[in-house]
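Take a look at the structure set out below.
The analysis underlying the following values was restricted to heavy atoms, covering all of them including side chains, and did not include hydrogens, waters or symmetry mates. Predicted, not measured: the structure shown is a model, and the values here were computed from it.
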Amino acid sequence: MKRESAYYEKDLEGAIIVHLQEFLLELGNGFSFVARQKRIHIEGDEFFVDLVFYNRLLQSFVIIEIKTHKLTHQDIGQLQIYVNYYDSIERLPYEHPTIGILICASKNDAVAKFTLPEDQKQIVASQYELYLPTEQQLLDEVNKELESFVSKVGDE
């Protein structure tokens, strides 16, 4: 994306969709695109999940929420609702728990720490950069997170 002072969430989401093939390759092996702005209904309330992927290697849904502001506890709560919904409604018995990724303009580790339970590993918050890291840096980070998740799931 061009370097600008501010982006709208839909613009960042749109840029990801336009470059979906490259984005999937950056995420790692096994990712498939499921939905954009997936509408879900919870007792009369309507919500829209920014991006939904499925990883066939992990056998898990991966939900990505995009925020163009500093991370808040409301953002984490919103993503937690989506993860819980997918785990309760969409996930099949043989599939692993849903993974939620919150991409935000500025990460606040303390907010994330105090909003999420200590043992919670399904939601990850990450600050986005206007320029992506090198392919190797990205692959190393994704592989590290996936290994951590797989070992956690294996321990259950």
Side-chain angles (χ1 to χ4, degrees), residues 9-10 12-17 19-42 46-129 132-133 135-156:
E9 292 171 15
K10 68 178 184 161
L12 185 54
E13 177 186 318
I16 289 170
I17 294 300
H19 301 286
L20 186 58
Q21 179 180 352
E22 292 92 355
F23 185 69
L24 286 171
L25 291 172
E26 290 169 8
L27 284 174
N29 291 331
F31 280 90
S32 300
F33 177 72
V34 175
R36 173 186 187 190
Q37 290 299 309
K38 171 70 173 164
R39 182 175 27 194
I40 60 176
H41 295 275
I42 302 174
E46 189 173 66
F47 299 91
F48 294 89
V49 182
D50 288 343
L51 299 169
V52 181
F53 296 92
Y54 188 82
N55 187 291
R56 65 181 187 84
L57 301 175
L58 294 175
Q59 294 185 331
S60 177
F61 283 103
V62 179
I63 295 172
I64 297 180
E65 272 299 299
I66 300 166
K67 300 298 177 190
T68 56
H69 53 258
K70 186 175 182 179
L71 175 71
T72 68
H73 67 282
Q74 292 96 334
D75 300 329
I76 296 170
Q78 178 184 13
L79 182 56
Q80 186 68 62
I81 288 171
Y82 300 161
V83 166
N84 292 345
Y85 175 88
Y86 265 80
D87 279 348
S88 298
I89 305 298
E90 302 287 340
R91 182 170 64 113
L92 298 174
Y94 63 87
E95 294 175 319
H96 292 112
T98 302
I99 299 169
I101 300 173
L102 184 59
I103 299 175
C104 51
S106 178
K107 189 167 77 164
N108 185 330
D109 289 325
V111 167
K113 176 183 175 184
F114 291 117
T115 303
L116 295 169
E118 271 187 52
D119 60 346
Q120 201 293 114
K121 300 293 183 202
Q122 282 177 263
I123 293 184
V124 178
S126 182
Q127 179 174 327
Y128 68 83
E129 302 289 335
L132 290 174
E135 180 180 348
Q136 190 57 50
Q137 289 172 321
L138 193 55
L139 287 172
D140 290 345
E141 191 63 31
V142 168
N143 286 330
K144 182 176 81 174
E145 290 297 325
L146 289 176
E147 287 172 14
S148 172
F149 179 75
V150 169
S151 68
K152 167 111 172 86
V153 170
D155 291 342
E156 292 176 354

4.5 Å side-chain heavy-atom contact, [X] and [Y]:
| X | Y | result |
| --- | --- | --- |
| His73 | Gln78 | no |
| Ile42 | Ile81 | yes |
| Arg39 | Phe47 | no |

Working to the nearest 0.5 angstrom, can you tell me the gap between [X] [atom1] and [Y] [atom2]?
| X | Y | atom1 | atom2 | answer |
| --- | --- | --- | --- | --- |
| Leu58 | Ile99 | CG | CD1 | 5.0 Å |
| Asp50 | Ile64 | CG | CD1 | 9.5 Å |
| Thr72 | Leu102 | OG1 | CG | 8.0 Å |
| Leu57 | Ser32 | CG | OG | 9.0 Å |
| Tyr85 | Phe61 | OH | CZ | 10.0 Å |
| Gln74 | Gln80 | CD | CD | 14.5 Å |

side-chain contact (heavy atoms from CB on, under 4.5 Å) evaluation trace for Ile101 with Ile63: CA-CA 6 Å; Ile101 300 173; Ile63 295 172; over 6 Å; no

[X] versus [Y], closest heavy-atom pair with distance:
| X | Y | value |
| --- | --- | --- |
| Val34 | Phe53 | CG2-C, 3.7 Å |
| Leu51 | Phe33 | CD2-CE1, 4.3 Å |
| Phe31 | Asn55 | CE1-ND2, 3.1 Å |
| Arg91 | Pro97 | NH1-N, 3.8 Å |

Tyr54 side chain to Glu95 side chain, donor-acceptor N/O pair below 3.5 angstrom: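 Yes, side-chain donor-acceptor contact under 3.5 Å.
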
Determine whether Lys38 and Tyr86 satisfy the following criterion, side-chain contact (heavy atoms from CB on, under 4.5 Å), listing intermediate values before the conclusion. CA-CA 11 Å; Lys38 171 70 173 164; Tyr86 265 80; 3.3 Å; yes

In this structure, which one of Asp75, Ile103, Val49 forms a side chain to side chain contact (heavy atoms under 4.5 Å, CB included) with Glu65?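 Exactly one candidate clears the test, Val49.
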
